[in-house]
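Inspection log for the structure reproduced underneath, given as structure tokens.
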Amino acid sequence: MNITDNLKLGSTSYGDPNAPKLVVTPGWATDSNFLKPFVSLFPDYNVILLDMPGYGKSEELKQFSISTRQTANLILNSIPKDCTLISWSLSTLAASCACYADTEKKIKRFISICGTPRFPSDPNWPGFDYRYVLKCLKIFDEGRNIRSIKLFFKMQTQGGLLTKEQNQFILEACDKMGSIDPQVLRNGLFKMAYSDHREAFFNIKIPCFHIFGAKDRLVKQEIASKIMDPKYHLCAVLQSSAHMPFLTEGEELSKLIRIFINNTN
């Protein structure tokens, strides 16, 4: 018996409920408001946007934000049968574990966007210096949360790639999200610095597609060469994107995802 067995993540559903299901999970310091572009990119799908523990409609589940395993179980509790699971950024850790633990075979295929099973680098893995995240933790106090979050987005999305409207979208999404419990935010940074779920990731036995941004400073495109395996793991790199390709190259992202889905039916 798992403590989260009878719990579900908050979700918002868009489109025809009888259409094919796309379930999308957000990254660190974001809720489902940041995922709204997926609704317009996939109008012919039933797009289901989840909130991670401590955010949005899942605010009351914040005690589980520290545990990737519990979050993975919550994802499995919350998704419909035969769905395509799309994870963006940090949520790839929990989504990978959910795919690995999916004994009911709810997830038909898995897509990660600017995600990785391990964020820091090691001698055999391209990533960032984990001290970068620890530095963020040191300056992260209640009085500077919003400022730190906006700085994080500015650094990772490389504002020069975004239009004025896209930058405005991010700012409005931050405002709609409101304040997040500082411990929830810290828990995410700890997972970013220390979690390693490569074992689960490489033992997923469903079709997987991993999309990277060539200009992403957080999740390096070089990871693609480490995980490309035509049997289960395919990769693509969007050349004009950093960490939010659903904003910078939405049409190309949609095209790639649709090709992958059509080839794995």
Side-chain angles (χ1 to χ4, degrees), residues 22-38 41-42 49-50 52 55 68 71 75 84-99 109-121 125-130 132-133 136 149 151-162 166-167 169-170 173 188-189 191-193 195-198 201 204 208-228 233-257 260:
L22 286 183
V23 180
V24 194
T25 59
W28 179 78
T30 67
D31 65 3
S32 57
N33 283 302
F34 290 81
L35 303 177
K36 292 284 184 67
F38 284 95
L41 290 174
F42 297 95
L49 307 182
L50 297 184
M52 293 291 98
Y55 295 90
T68 302
T71 302
I75 291 174
T84 297
L85 178 60
I86 301 177
S87 68
W88 170 48
S89 192
L90 185 65
S91 66
T92 300
L93 297 175
S96 299
C97 293
C99 291
R109 58 185 72 81
F110 175 46
I111 300 167
S112 69
I113 299 173
C114 297
T116 172
R118 174 183 168 85
F119 282 82
S121 62
W125 191 258
F128 63 81
D129 188 331
Y130 78 95
Y132 166 76
V133 174
C136 289
I149 290 170
L151 177 62
F152 175 84
F153 281 123
K154 184 176 181 180
M155 292 175 62
Q156 302 309 334
T157 59
Q158 292 182 290
L161 298 175
L162 302 178
Q166 290 166 345
N167 276 305
F169 167 79
I170 294 174
L189 288 173
K191 286 192 287 188
M192 197 181 296
S195 293
D196 186 346
H197 296 288
R198 284 178 288 186
F201 183 88
I204 297 172
C208 299
F209 186 33
H210 311 292
I211 303 170
F212 301 91
K215 302 179 186 302
D216 194 346
R217 297 176 182 176
L218 184 65
V219 179
K220 305 294 182 66
Q221 64 171 314
E222 289 80 9
I223 293 174
S225 65
K226 297 291 185 179
I227 63 179
M228 185 70 173
H233 296 273
L234 300 176
C235 299
V237 178
L238 292 174
Q239 296 300 319
S240 299
S241 291
H243 201 60
M244 299 181 80
F246 51 88
L247 288 182
T248 47
E249 292 184 87
E251 290 187 9
E252 184 63 21
L253 179 75
S254 173
K255 179 181 176 181
L256 289 172
I257 289 174
F260 171 70

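What you are looking at is a predicted structure, and each value in this text was computed from that prediction instead of being measured.
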Q. Going from CD on Glu252 to CG on Leu238, what distance comes out if it is rounded to the nearest 0.5 angstrom?
A. 6.0 Å
Q: Would you name the heavy atoms of Thr116 and Leu93 that are closest together and state the gap between them?
A: O-CD2, 3.5 Å
Q) Hey, is the main chain of Thr92 close enough, under 3.5 Å, to the side chain of Ser96 for a donor-acceptor pair? A) yes
Q) What's the spacing between Thr84 OG1 and Ile257 CD1 if we round to 0.5 Å? A) 9.0 Å
Q. What closest approach, in Å, do Pro245 and Cys114 show between heavy atoms, and which atom pair accounts for it?
A. CD-SG, 3.6 Å
Q | CD1 on Ile227 to CG on Leu234, rounded to 0.5 Å | A | 10.0 Å
Q: Could you pull out all residues at least two apart from Arg118 that satisfy salt bridge (Lys or Arg N to Asp or Glu O under 4.0 Å)?
A: Asp122, Asp196
Q: Quick one: closest heavy-atom pair of Glu251 and Leu41, and the distance?
A: N-CD2, 4.2 Å
Q.
On a heavy-atom basis, which atom in Phe260 and which in Arg109 lie closest, and how many Å separate them?
A. CE2-CD, 3.7 Å
Q: Taking all non-hydrogen atoms of both residues into account, name the closest pair between Leu256 and Ala236 and its distance.
A: CD1-CB, 4.1 Å
**Q.** Short side-chain to backbone donor-acceptor contact, Trp88 and Met244, under 3.5 Å
**A.** no
Q. How many angstroms lie between atom CG of Leu162 and atom CZ of Phe169, to the nearest 0.5 angstrom?
A. 10.5 Å
Q) Looking at Ile111, Ile113, Leu247, which hits side chain to side chain contact (heavy atoms under 4.5 Å, CB included) with Leu253? A) Ile113
Q) Can you tell me if Gln221 uses its side chain to pair, donor with acceptor, with the backbone of Phe212 under 3.5 Å? A) no
Q: Please report the shortest heavy-atom distance between Ile223 and Trp125, naming the atom on each side.
A: CG2-CZ2, 3.7 Å
Q) Is there side-chain contact between Tyr55 and Thr30, with heavy atoms separated by less than 4.5 Å? A) no
Q.
Let me confirm one number: the CZ-OG distance from Phe209 to Ser112, rounded to the nearest 0.5 Å.
A. 9.0 Å
Q) With a 4.5 Å heavy-atom cut-off, do Trp28 and Lys191 have their side chains touching? A) no
Q. Should the ring pair Phe110 and His210 be called parallel, tilted or perpendicular, given that the plane angle runs from 0 to 90° and is split at 30 and 60?
A. perpendicular
Q | Side-chain heavy-atom pair Met192, Leu218 within 4.5 angstrom cut-off | A | yes
Q) Taking Ser91 for the side chain and Pro26 for the main chain, is one N or O donor matched with an acceptor at less than 3.5 Å? A) yes
Q: Please work out which of the three classes, parallel, tilted or perpendicular, describes the rings of Phe42 and Phe38, given edges at 30° and 60°.
A: parallel
Q: Drop me the distance from Lys220's NZ to Ser121's OG, to the nearest 0.5 angstrom.
A: 7.5 Å
